[in-house]
Amino acid sequence: MVRDFQSAQFKLAECKTLGTVTAVFVFHCLDLLLQGKLDNNMSAMAKLYASESQGKIIDECLQLFGGYGYINEYPIARLYRDARGQRLWGGTSEIMKVLIARSL
């Protein structure tokens, strides 16, 4: 099994760490939203970070599948295809960066 290889274990550990850090940040932003304290700058950072993290994680996982990662019967192929849209709709990552940079 792929996860039995040490190099794959390292990649999966990195993905889990990035996913966990992203979730903590998003939950923090949700808490701010519920308190009425979430501003445009923080929401832009959350959208940018979460969508870019999703892309990185899925890209790393697709790499573990090799060529099979592009076959639609495998869930990773659909995840890879669908994740790209997250960096586009709701404002592209570049637009999020512009919004964040304006606050500096």
| said: What verdict does the side-chain contact (heavy atoms from CB on, under 4.5 Å) test give for V24 and H28, after you've listed the backbone C-alpha separation in whole Å, the side-chain angles of each residue and the deciding distance to 0.1 Å? | reply: CA-CA 6 Å; V24 169; H28 172 69; 5.6 Å; no
Are any of the side-chain heavy atoms of [X] and [Y] separated by less than 4.5 Å?
{"X": "N40", "Y": "L99", "value": "no"}
{"X": "F25", "Y": "M42", "value": "yes"}
{"X": "F65", "Y": "L62", "value": "no"}
{"X": "Y49", "Y": "M96", "value": "no"}
{"X": "C61", "Y": "C15", "value": "yes"}
{"X": "I58", "Y": "I76", "value": "yes"}
{"X": "K97", "Y": "L48", "value": "yes"}

Inter-residue atom distance [X].[atom1] - [Y].[atom2], 0.5 Å rounding:
{"X": "L34", "Y": "C29", "atom1": "CG", "atom2": "SG", "result": "11.5 Å"}
{"X": "S103", "Y": "D39", "atom1": "OG", "atom2": "CG", "result": "8.0 Å"}
{"X": "E52", "Y": "I57", "atom1": "CD", "atom2": "CD1", "result": "11.5 Å"}
{"X": "Q54", "Y": "D59", "atom1": "CD", "atom2": "CG", "result": "11.5 Å"}

Minimum-distance pair of heavy atoms, taken over all atoms of [X] and [Y]:
{"X": "E73", "Y": "I71", "result": "OE1-CG2, 2.7 Å"}
{"X": "S53", "Y": "L18", "result": "OG-CD1, 3.6 Å"}
{"X": "Y70", "Y": "Y80", "result": "CE2-CE2, 4.5 Å"}

Would you say [X]'s side chain and [Y]'s backbone share a donor-acceptor pair under 3.5 angstrom?
{"X": "T17", "Y": "A13", "answer": "yes"}
{"X": "R78", "Y": "N72", "answer": "yes"}
{"X": "K47", "Y": "Q86", "answer": "yes"}

| Does one hydrophobic cluster hold both Y74 and L12, with members joined at side-chain heavy-atom distances below 4.5 Å? |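 Each belongs to a different hydrophobic cluster.
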| Residues clustering with F10 (ILVMFWY side chains joined when closer than 4.5 Å, directly or via others) |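 Joined to F10, directly or through intermediates: none.
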| said: What verdict does the side-chain contact (heavy atoms from CB on, under 4.5 Å) test give for Q63 and K11, after you've listed the backbone C-alpha separation in whole Å, the side-chain angles of each residue and the deciding distance to 0.1 Å? | reply: CA-CA 10 Å; Q63 189 70 27; K11 285 296 177 189; over 6 Å; no
| said: Distance alone, cut at 3.5 Å: any donor-acceptor contact between the side chains of Q35 and D31? | reply: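 There is such a pair (donor and acceptor under 3.5 Å, judged by atom type) between the side chains of Q35 and D31.
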